[in-house]
Colleague: 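Structure below; questions to follow.
In this text the structure is predicted, and so the values were computed from the model without any measurement.
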Amino acid sequence: MTTTHYTREQLPQVRGTIVEVYSEVYADDIARDPFFSLERFEERLAAHTSAPGWACVVAATGTDVAGFTYGFADGDGTTFKLCENMLRAPWRGRGISRVMHDALTRRREERVAQLLVRRERPRLRALYESWGYARTGEQVPFPDAPLYDVMTLPLR
C-alpha cells in the first residue's frame with residue numbers, strides 16, 4: 001500500500017478520486033438523506049478546500065484506491081480539522097485508515113486535531129478513542145446535519 005499527499009494546489013488531480021470514493025462509501029446515506037447527497041458533499045468539499053492548510057492523503061494498493069482522508073487548519077492555526085477519513089469496504093479492518101490519518105496529521109503544525117463522528121456510530125468513536133482522541137463535545141455543523149460527537153487529539 002502507498003499513501004500520496006496532496007495540497008490544495010493539487011486538488012484537480014485528486015478531486016475525482018475523492019468524489020468517487022465518497023459516492024461509494026456513502027451510497028446508502030446518499031439515497032436516504034439529502035445532507036449526504038453528492039451535491040451537498042461537493043459544497044462542503046469546496047468550502048473545505050478554500051480554507052487554509054487544506055491537505056489530503058490517498059491510500060492505494062497497486063492501481064486500486066483504498067480510501068482518502070483530508071482536512072484543513074482552523075482560522076487561528078491551532079486546530080487541524082479532519083473532515084473525512086474513509087475507506088472502501090474491501091480495505092476496512094486492515095489498519096489503512098490509521099495509516100492515512102497518521103500520514104496526514106504528522107505533517108501538521110497545529111496543536112490539536114479535531115474530527116466529528118456521527119452520534120449513531122459508537123464503534124467508530126471507539127476506534128478514534130483507541131487512537132488517542134477524546135470526546136470533547138457535540139455539534140450539529142450545518143442546519144440539516146445530524147448530531148456529531150466532537151473529538152480531539154493532541155498533536156504537539
Colleague: Taking a hydrophobic cluster as the set of Ile, Leu, Val, Met, Phe, Trp and Tyr residues connected by side-chain heavy atoms closer than 4.5 Å, whether directly or through intermediates, do Val57 and Trp131 fall within one such cluster?
Modeller: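 Cluster IDs for Val57 and Trp131 match.
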
Colleague: Using the side-chain contact (heavy atoms from CB on, under 4.5 Å) criterion, which residues pair with Leu124? Sequence neighbours excluded.
Modeller: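 Testing Leu124 for side-chain contact (heavy atoms from CB on, under 4.5 Å), a comparison that skips the adjacent residues, returns Val117, Arg121, Leu127, Tyr128.
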
Colleague: Are Phe80 and Val112 connected in the hydrophobic side-chain network, where two residues link if heavy atoms are under 4.5 Å apart?
Modeller: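 No; Val112 is not reachable from Phe80 via cluster members.
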
Colleague: Could you work out, with side-chain contact (heavy atoms from CB on, under 4.5 Å) as the rule, every residue matching Leu116, not counting sequence neighbours?
Modeller: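 Scan of Leu116 (side-chain contact (heavy atoms from CB on, under 4.5 Å), adjacent residues dropped) gives Gln139, Pro141, Tyr148, Val150.
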
Colleague: Pair up each side-chain donor or acceptor in residues 33-41 with any protein partner under 3.5 Å, not counting sequence neighbours, and list the distances.
Modeller:
{"residue": "Asp33", "atom": "OD1", "partner": "Phe35", "partner atom": "N", "Å": "2.9"}
{"residue": "Ser37", "atom": "OG", "partner": "Pro34", "partner atom": "O", "Å": "3.0"}
{"residue": "Ser37", "atom": "OG", "partner": "Arg40", "partner atom": "N", "Å": "3.1"}
{"residue": "Arg40", "atom": "NE", "partner": "Asp144", "partner atom": "OD2", "Å": "3.1"}
{"residue": "Arg40", "atom": "NH1", "partner": "Glu43", "partner atom": "OE1", "Å": "2.9"}
{"residue": "Arg40", "atom": "NH2", "partner": "Asp144", "partner atom": "OD1", "Å": "2.6"}
{"residue": "Arg40", "atom": "NH2", "partner": "Asp144", "partner atom": "OD2", "Å": "3.1"}

Colleague: Search all heavy atoms of His5 against all heavy atoms of Ala103 and return the closest pair with its distance.
Modeller: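 So the minimum-distance heavy-atom pair works out to CD2-O, 4.4 Å.
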
Colleague: Taking only residues at least two apart or on different chains, which pairs with a member in residues 8-24 satisfy salt bridge (Lys or Arg N to Asp or Glu O under 4.0 Å)?
Modeller: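 Only Arg15-Glu42, Glu20-Arg88, Glu24-Arg88 qualify under salt bridge (Lys or Arg N to Asp or Glu O under 4.0 Å).
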
Colleague: Holding to salt bridge (Lys or Arg N to Asp or Glu O under 4.0 Å), I want the full list of residues that pass it with Arg44, two or more places apart in sequence or in another chain.
Modeller: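 Residues passing salt bridge (Lys or Arg N to Asp or Glu O under 4.0 Å) with Arg44: none at all.
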
Colleague: Can any side-chain N or O of Arg94 pair as donor or acceptor with the backbone N or O of Pro90 at less than 3.5 Å?
Modeller: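 Side chain of Arg94 to backbone of Pro90: a pair is present.
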
Colleague: Name all residues meeting the side chain to side chain donor-acceptor pair (under 3.5 Å) criterion together with Arg32; count only those two or more places apart in sequence or in a different chain, and write none if there are none.
Modeller: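 Here the qualifying residues are Asp29.
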
Colleague: For a quick test of reading the model, state the closest non-hydrogen atom pair linking Glu110 to Gly77 and the distance between them.
Modeller: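 Glu110 and Gly77 have their closest heavy atoms at CG-O, 3.4 Å.
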
Colleague: Measuring from Asn85:CG to Ile96:CD1, what's the distance to the nearest 0.5 Å?
Modeller: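 If I round to the nearest 0.5 Å, the distance is 11.5 Å.
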
Colleague: Within the structure provided, determine whether Tyr133 and Arg125 are in side-chain contact (heavy-atom separation under 4.5 Å).
Modeller: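 They are not in side-chain contact.
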
Colleague: To the closest 0.5 Å, what do you measure between CD1 (Ile18) and CG (Leu11)?
Modeller: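 Output value for this atom pair is 6.0 Å.
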
Colleague: Output the distance between atom CZ (Arg123) and atom CD (Glu129), rounded to the nearest 0.5 Å.
Modeller: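 That separation rounds to 14.0 Å.
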
Colleague: Within a radius of less than 6.0 Å around CZ of Arg118, do more than 12 heavy atoms belonging to other residues, nucleotides or ligands occur?
Modeller: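 Atom CZ in Arg118 is packed in, count exceeds 12.
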
Colleague: Which residues satisfy the side chain to side chain donor-acceptor pair (under 3.5 Å) test with Gln114, sequence neighbours excluded?
Modeller: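 In terms of side chain to side chain donor-acceptor pair (under 3.5 Å), with neighbours along the sequence ignored, Gln114 is linked to Lys81.
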
Colleague: Should Met151 and Val140 be regarded as members of a common hydrophobic cluster, given that ILVMFWY residues are connected when their side-chain heavy atoms come within less than 4.5 Å of each other, either directly or indirectly?
Modeller: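 In one cluster with Met151: Val140, no.
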
Colleague: Any chance you could lay out the side-chain contact (heavy atoms from CB on, under 4.5 Å) test for Leu155 and Arg111, step after step, and finish with the verdict?
Modeller: CA-CA 5 Å; Leu155 295 176; Arg111 289 193 326 249; over 6 Å; no

Colleague: Within the side chain of Arg92, is there an N or O that forms a donor-acceptor pair under 3.5 Å with the backbone of Leu87?
Modeller: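 Yes, the answer is positive, given that a donor and an acceptor are paired below the 3.5 Å cut-off.
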
Colleague: List for me each residue that meets side chain to side chain donor-acceptor pair (under 3.5 Å) alongside Asp76, sequence neighbours excluded, and say none if there are none.
Modeller: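 Counting only residues at least two positions away or on another chain, Asp76 forms a side chain to side chain donor-acceptor pair (under 3.5 Å) with Thr78.
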
Colleague: So, Thr69 side chain and Glu84 main chain: donor-acceptor pair closer than 3.5 Å or not?
Modeller: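 Yes, the answer is positive, given that a donor and an acceptor are paired below the 3.5 Å cut-off.
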
Colleague: Got a sec, which residues hit side-chain contact (heavy atoms from CB on, under 4.5 Å) with Pro122, two or more places apart in sequence or on another chain?
Modeller: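 For Pro122, no residue satisfies side-chain contact (heavy atoms from CB on, under 4.5 Å) once neighbours in sequence are set aside.
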
Colleague: Do the side chains of His101 and Leu82 get nearer than 4.5 Å, heavy atoms only?
Modeller: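 Answer yes - side chains close enough.
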
Colleague: Would you check, one step at a time, whether the test side-chain contact (heavy atoms from CB on, under 4.5 Å) holds for Leu104 with Cys56?
Modeller: CA-CA 7 Å; Leu104 183 61; Cys56 176; 5.8 Å; no

Colleague: Out of curiosity, does Val25 fall in the hydrophobic cluster containing Val99 (side-chain heavy atoms, cut-off under 4.5 Å, transitive links)?
Modeller: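 No; Val25 is not reachable from Val99 via cluster members.
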
Colleague: Below 3.5 Å, can you tabulate the donor-acceptor pairs from side chains in residues 60-68 to any protein atom, sequence neighbours excluded?
Modeller:
{"residue": "Thr61", "atom": "OG1", "partner": "Trp91", "partner atom": "NE1", "Å": "3.2"}

Colleague: Find the distance between CD (Glu138) and CG (Asp149) and round it off to the nearest 0.5 Å.
Modeller: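 So the gap between those two atoms works out to 7.0 Å.
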
Colleague: Who are the ring pair (Phe, Tyr, Trp, His ring centres under 6.0 Å) partners of Tyr70, not counting sequence neighbours?
Modeller: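 Ring pair (Phe, Tyr, Trp, His ring centres under 6.0 Å) list for Tyr70, sorted by chain: His48, Trp54.
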
Colleague: Rounded to the nearest 0.5 Å, how far apart are CG of Leu153 and OG1 of Thr136?
Modeller: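 Reported value, rounded in 0.5 Å steps: 11.0 Å.
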
Colleague: Tell me, which pairs form a salt bridge (Lys or Arg N to Asp or Glu O under 4.0 Å) where one or both residues lie in residues 45-62, sequence neighbours left out?
Modeller: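 For residues 45-62: none.
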
Colleague: Side-chain heavy atoms under 4.5 angstrom apart, residues restricted to Ile, Leu, Val, Met, Phe, Trp, Tyr: same cluster for Met1 and Val21?
Modeller: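 Different clusters.
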
